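The shown structure was predicted, so the numbers you read here are calculated from the model rather than taken from an experiment. Numbers restart at 1 for each chain; the letters A, B, ... are given by sequence-line order, proteins then strands.
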Amino acid sequence: MKRWSHYFVPTLKESPADAEIASHKLLVRAGLVRKLSGGLYTFMPLGLRVMQKLSAICREELEREQPSHGRAGAIELWMPHIHPVELWEQGPRWAAAREIMFRTDHAGAGKGRAKEPEFVLGPTHEEIITPLVKQEITSYRDLPKNFYQIATKFRNEIRPRYGLMRAREFVMMDAYSFDADDAGAVKSYLAMKASYEAFFKRIGVKAIAVEADTGVMGGSYSHEFMVPAEIGDDDVIYSDSGYAANREKASSSLVPKDLADAAPAGAVEKFATPGVVTIAQLAAAPYAISGDTQFKTLVYMGDGKPFLVILRGSDELEEAKLGSLGFTLFRAATAEEIEPVLGAKPGSLGAVKGTIKNPAALAGVFADHAIRLIGNGVTGANEDGFHLKNVNVTRDLAITQFGDFRRVRTGEPCPVSGLPLQSKRGIEVGHIFKLGTKYADKFGAVYTDDQKQSHPMVMGCYGIGVSRTLQAIIEQSHDADGIIWPWAVAPFQVLICLLDPKLPEAMEMAEKLAAAAEAAGADVLLDDRDERPGVKFKDADLIGIPLRIVIGGKGLKDGIIELKPRASKDVQKIAVADAPAKLAELVRANAQGVTA
RNA sequence: CGGGGUGUAGCUUAGUCUGGUAGAGCGCCUGGUUUGGGACCAGGAGGUCGUAGGUUCGAAUCCUAUCGCCCCGACCA
């Protein structure tokens, strides 16, 4: 039992000026965190307790045996957070990752300046664990293995946001699985997915697993765990069939599988379009060529070489989908880069064979499937002020490869069920990746099988943003008065409000109840402060302890105490004599509800 | 990094346009009265107005630079 008067819970009546969203305001008002600087937070005693509860449950769920997958759970270890930069340079994503990494300099190290940093602060640990496993595991007998840690991560986010939601230093559970083959890696992946689902369920968070883009991590497939919330950074696309994907990854069955190639409608014809540089201008009078019959040609630079992406004029590029093309780094090309290759400025670009000034410079022409719906359409002539009509997809466009590059829209048919797609915002609290051999190849993490053959290990990597989850819980579970903690992660499960702490019989009662609750498995906070009742009630609601007990001088005279769950409005009055047993029973019932 | 906003006491802020030497509420300290939903009265402490220059007789206020923070965009647990 903690006595509030000897503890430290600095609550605030007013919201801090720099907090915008409910969970951020409550985080600070309830005394869970304090800001040091943008994206850097101190966990105050109450906030730390929640972090510890989240971590403990996370450990239990990760280490639990997964009988259905015939393998042991994950194994905890602890890796350094200062990494020699050479390991990152050797890894597969240095070019992309270095931007978000904090680097160390040599200040205070008694050395001169070096040109390159020697150490970086770890944003995640693939580059550390893979060499470790390469060194320690060489036999199939030692596989599979899944290692994890719960530790601080450092990312120099371009824009930290919303308190713990996107911080520069944050707490993450990161796990890495190593399997002998792909089938094993899939098992490990599914076992982790099951562990994640169990974890989020236990902590009282409604998180849904959605298909996700693999981004800079690479790998073959991945799921994100999303907490639905208006303030979330991500769009979840879903349908009532159960399909759910991050917008970056989402697709639709807009183009029928059996769609035949359109026959040419006539010879390609050039026409003058002076001053027309947008899809909208061409769609307007006097041209009146609707966006869904125009070909939009975008130019990107992939690892230094230009490539083209063709979409319907009415569609938007989903940039993340270009990741499937295999470039390490890509970005939109500048007008200066475009003109020498295509022969025109943006606004008159096209991919019709023979109109591209320097086709040899291109790394490829990638077309979205949806342009097949156009069949015959209009595109730029690669000559400023001119467009081409009667352009036929199969006859006239020099397409290297078709793919899914467009951003889906709600209302389009779900790729699984055909039901209309819907969209909602979500907070990404966890992510799992099946990595394949990408890192194992780079670091030479191989093992020998029972035929004396050497193979790369097949990896998976997994993350849960523990500190972000803490805030997501608040975002998902609060009301106008404060936080409503789920039982399992509450900093304390029971709050005893002693309205008259100076009354010896009240204090005696409080201690008796606290002992009963603790024996039943609850953590107890005793508000023994010399404050007026109103202050105690307001604070109680604000910090959101699930079960509140009120011991007041008046009630005690009538032989009763009060019991009120934070989540409900009902106050139960209980006879003093029955109180300890009743409280213990309630505690056990609640605890069972979250471990069952 | 682009766009927008903001910086005054521990917190929330007024004052800035129109220059005259900083005010409130909360919190804190002392005393008293109170005590079931953020009490009241009296007294008190606390501010180089983000920082550095400049204009001016005089700058929180005008100008320049710089830093921090917040929001929107591209990135991420």
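Here B:C76 presents its C1' atom at 11 Å from CE of A:Met226, a figure rounded to the nearest Å. In this entry the distance linking NE2 of A:His431 with P of B:C76 reads 9 Å, nearest Å. Across the protein-nucleic acid pair, A:Asn156 atom CG and B:C1 atom C1' stand 12 Å apart, rounded to whole Å. Computed from coordinates, the A:Arg93 CZ to B:C76 P distance equals 11 Å when rounded to whole Å. For the pair A:Met172 CE and B:A77 P, the computed distance is 7 Å after rounding to whole Å. For A:Met192 and B:A77, the CE to P distance is 14 Å, given to the nearest whole Å. Between the CG atom of A:Asn246 and the C1' atom of B:A77 there is a distance of 13 Å, given to the nearest Å. Taking atom CD1 of residue A:Ile100 and atom C1' of nucleotide B:A77, one finds them 10 Å apart after rounding to whole Å.
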Margin query: Show, in sequence, the C-alpha distance, side-chain angles and deciding distance for A:Leu132 and A:Phe147, and conclude whether the side-chain contact (heavy atoms from CB on, under 4.5 Å) test is met.
Written below: CA-CA 11 Å; A:Leu132 176 78; A:Phe147 297 106; 6.0 Å; no
Next item on the list: Kindly determine whether A:Glu126 and A:Lys438 satisfy salt bridge (charged side-chain N to carboxylate O under 4.0 Å, His left out), including the steps that lead there.
Entry: CA-CA 10 Å; A:Glu126 285 79 3; A:Lys438 181 175 173 177; over 6 Å; no
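When heavy atoms are screened at a 4.0 angstrom cut-off, A:Pro123 is found touching no nucleic acid atom at all. Within 4.0 Å (heavy atoms only), A:Ala167 reaches at least one base atom of the nucleic acid. Within the nucleic acid shown, A:Thr469 has no heavy atom closer than 4.0 Å to any nucleic acid atom. Contacts of A:Lys35 with the nucleic acid, taken as non-hydrogen atoms under 4.0 Å apart, involve only primed sugar atoms and P, OP1 or OP2.
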Mind listing the N/O atom pairs, protein and nucleotides 72-74 of chain B, below 3.5 Å?
residue: B:C72; atom: OP1; partner: A:Arg161; partner atom: NH1; Å: 2.8
residue: B:C72; atom: OP1; partner: A:Tyr162; partner atom: OH; Å: 2.8
residue: B:C72; atom: OP2; partner: A:Arg159; partner atom: NH1; Å: 3.1
residue: B:C72; atom: OP2; partner: A:Arg159; partner atom: NH2; Å: 2.8
residue: B:C72; atom: OP2; partner: A:Arg161; partner atom: NH1; Å: 2.6
residue: B:C72; atom: N4; partner: A:Arg159; partner atom: NE; Å: 3.4

Pick out the pairs of N or O atoms, protein on one side and nucleotides 6-10 of chain B on the other, that lie under 3.5 Å.
none

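Atom NZ of A:Lys564 is separated from atom CZ of A:Phe537 by 10.0 Å, given to the nearest 0.5 angstrom.
Below the 3.5 angstrom threshold, one finds no donor paired with an acceptor across the side chain of A:Arg168 and the base of B:C76.
In summary, A:Lys193 and A:Glu197 engage in a salt bridge, as defined by a charged side-chain N under 4.0 Å from a carboxylate O. In this structure, A:Asp539 pairs ionically with A:Arg529, as a charged nitrogen and a carboxylate oxygen lie closer than 4.0 Å. A salt bridge does not link A:Lys249 to A:Glu224: none of the charged nitrogens lies less than 4.0 Å from a carboxylate oxygen. Between A:Arg566 and A:Asp479, at least one side-chain N (NZ, or NE/NH1/NH2) sits under 4.0 Å from a carboxylate O, which counts as a salt bridge. With salt bridges taken as basic N to acidic carboxylate O contacts below 4.0 Å, none links A:Arg98 and A:Glu89.
A side-chain donor from one of A:Ser23 and A:Gln471 sits under 3.5 Å from a side-chain acceptor of the other. With no hydrogens or angles considered, no side-chain donor-acceptor pair links A:Thr124 and A:Asp174 at under 3.5 Å. Side chain to side chain, A:Glu127 and A:His83 fail the donor-acceptor criterion of an N or O pair below 3.5 Å. Side-chain contact, A:Tyr439 with A:Arg93: a donor N or O sits under 3.5 Å from an acceptor N or O.
Spacing of P atoms, B:U16 relative to B:G7, comes out at 12 Å, to the nearest Å. As rounded to the nearest Å, B:C1 and B:U13 have P atoms that lie 28 Å from one another. Atom name P, nucleotides B:C11 and B:C63: the rounded distance is 27 Å, in whole Å. A distance of about 36 Å separates the C1' atoms of B:U55 and B:C72, rounded to the whole Å. If you take atom C1' in B:U18 and the same atom in B:A74, they sit 42 Å apart, rounded to whole Å. Rounded to whole Å, the separation between the C1' atoms of B:C41 and B:U35 comes to 16 Å. B:U51 and B:U6: their C1' atoms are spaced 16 Å apart (whole Å). Using P as the reference atom, B:A9 and B:A52 are 16 Å apart when rounded to the nearest Å.
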Next item on the list: Would you give a per-nucleotide map of nucleotides 34-41 of chain B, 5' to 3', where B means the base has a protein non-hydrogen atom under 4.0 Å away, S means only the sugar-phosphate does, and - means neither?
Entry: BBBBBB--
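If you look at A:Tyr300 and A:Phe327, their ring centroids are not closer than 6.0 Å.
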Note to self: Reading 5' to 3' and counting Watson-Crick or G-U wobble pairs with both distances under 3.5 Å, write the dot-bracket notation for RNA chain B, | for bases paired outside the strand.
What the structure shows: (((((((..((((......[..)))).((((((.....)))))).....(((((..]....))))))))))))....
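Evaluation of the side-chain hydrogen bond (donor to acceptor under 3.5 Å, both in side chains) rule for A:Ser467 yields no partner, not counting sequence neighbours.
The side chain of A:Glu14 lies closest to B:U12 when the candidates are B:C70, B:U12, B:A77.
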For residues 491-510 of chain A, which side-chain N or O atoms pair as donor and acceptor with protein atoms under 3.5 Å away, sequence neighbours left out?
residue: A:Gln493; atom: OE1; partner: A:Lys53; partner atom: NZ; Å: 3.3
residue: A:Gln493; atom: OE1; partner: A:Asp523; partner atom: N; Å: 3.0
residue: A:Gln493; atom: NE2; partner: A:Trp487; partner atom: O; Å: 3.0
residue: A:Gln493; atom: NE2; partner: A:Ala490; partner atom: O; Å: 3.3
residue: A:Asp500; atom: OD2; partner: A:Gly553; partner atom: N; Å: 2.7

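Toward the 5' end of RNA chain B, the nearer of the two residues A:Pro16 and A:Val466, judged by each one's closest nucleotide, is A:Pro16. Toward the 5' end of RNA chain B, the nearer of the two residues A:Asp18 and A:Phe225, judged by each one's closest nucleotide, is A:Asp18.
A side-chain hydrogen bond (donor to acceptor under 3.5 Å, both in side chains) with A:Arg425 is found for one member of A:Asp233, A:Asp234, A:Asp235 and no other, namely A:Asp235.
Here A:Ser37 reaches the OP1 or OP2 of B:C69: one of its side-chain N or O atoms lies under 4.0 Å away.
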